[in-house]
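Shown next, in structure tokens, is the structure this report addresses.
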Amino acid sequence: KAGVTQTPRYLIKTRGQQVTLSCSPISGHRSVSWYQQTPGQGLQFLFEYFSETQRNKGNFPGRFSGRQFSNSRSEMNVSTLELGDSALYLCASSLEQGYYEQYFGPGTRLTVT
Amino acid sequence: QKEVEQNSGPLSVPEGAIASLNCTYSDRGSQSFFWYRQYSGKSPELIMSIYSNGDKEDGRFTAQLNKASQYVSLLIRDSQPSDSATYLCAVHTVNQGGKLIFGQGTELSVKP
């Protein structure tokens with residue numbers, strides 16, 4: 001079975017721009033979660049989607065948003081980028097909502113200059 | 001108090017030794033616990049999950065859970081240099097609507 005895929009793998013943007021990251025979960029997995037990983041803060045939960053609905057949200061500003069499509073693929077968007085948004089953005093999929101064995105994709109490395 | 005706390009590390013053990021990684025959590029209602037391994041420059045990889053008090057063994061890995069003490073640990077027997085990585089403890093919290101909360105991770109170095 002193919003794993004979680006994320007595109008793009010690397011991205012360089014300038015302050016004020018916006019960015020959209022994409023995630024395709026493992027086939028059959030219906031829940032997708034997004035995380036931000038930085039050396040200082042570690043892995044922090046952004047949000048979780050299941051059945052095209054946001055089920056849970058972390059403590060991030062409204063500039064961070066996401067959505068899920070009917071095929072379970074998910075996108076996250078960050079608007080008005082700030083230097084502090086530079087991080088590794090990880091997507092994880094799990095079978096169902098509340099089934100917390102999550103499997104991570106390779107991540108998207110975002111650099112904001 | 002952080003929701004999930006791990007030994008800050010780095011932890012250095014000789015090849016063949018047992019590595020012991022520890023994690024405590026604050027949400028007493030938590031029911032699901034996970035260990036992830038993350039190699040430098042890579043994404044986290046799920047290596048163990050545990051849901052009941054006691055030990056769970058998988059190859060060289062043993063996860064131990066004590067809900068009364070709010071403590072979960074990971075033992076790696078016969079440590080190999082390839083085990084050198086950061087190990088992340090993750091806890092499914094009941095509070096705050098239920099999320100998977102990660103500790104800061106413990107860096108393990110296995111010396112040949």
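Letters A, B, ... mirror the listed sequences (proteins, then strands); counts begin at 1.
Hydrophobic clustering of Ile, Leu, Val, Met, Phe, Trp and Tyr side chains at less than 4.5 Å, counting indirect connections, unites A:Trp34 with A:Leu81. Residues B:Val91 and B:Ile50 are members of one and the same hydrophobic cluster, defined by side-chain heavy-atom contacts under 4.5 angstrom among Ile, Leu, Val, Met, Phe, Trp and Tyr.
Side-chain contact between A:Ser94 and A:Glu101 is absent, with no heavy-atom pair separated by less than 4.5 Å. Within the 4.5 Å cutoff, side-chain heavy atoms of B:Ile47 are placed close to those of B:Leu74.
No option in B:Tyr71, B:Tyr25, B:Tyr51 other than B:Tyr25 meets the ring pair (Phe, Tyr, Trp, His ring centres under 6.0 Å) test with B:Phe33.
By a heavy-atom distance cut of under 4.5 Å, B:Phe102, B:Gln104 are the residues of residues 102-112 of chain B near chain A, going up by number. Listed in order of number, the residues of residues 40-47 of chain A that approach chain B to under 4.5 Å between heavy atoms are A:Gly40, A:Gln41, A:Gly42, A:Leu43, A:Phe45.
Of the two parts of B:Leu46, only the side chain, counted from C-beta on, holds a non-hydrogen atom closer than 4.5 Å to a non-hydrogen atom of chain A. Neither the backbone nor the side chain of B:Glu45 comes within contact range of chain A; no heavy atoms are under 4.5 Å apart.
Using cut-offs of 30° and 60° on the angle between ring planes, the pair B:Tyr36 and A:Phe104 is perpendicular.
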Just do the side-chain contact (heavy atoms from CB on, under 4.5 Å) check on B:Ser26 and B:Lys2 with the steps written out, would you?
CA-CA 7 Å; B:Ser26 60; B:Lys2 288 185 180 177; over 6 Å; no
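Salt bridge annotation for A:Arg63-A:Glu82: present, with a cationic side-chain nitrogen under 4.0 angstrom from a carboxylate oxygen. We find that A:Glu48 and A:Arg55 are not joined by a salt bridge, their nearest charged nitrogen and carboxylate oxygen being 4.0 Å or further apart.
With a 6.0 Å radius and a threshold of 12 heavy atoms from other residues, nucleotides or ligands, B:Arg60 has its CZ atom above the threshold.
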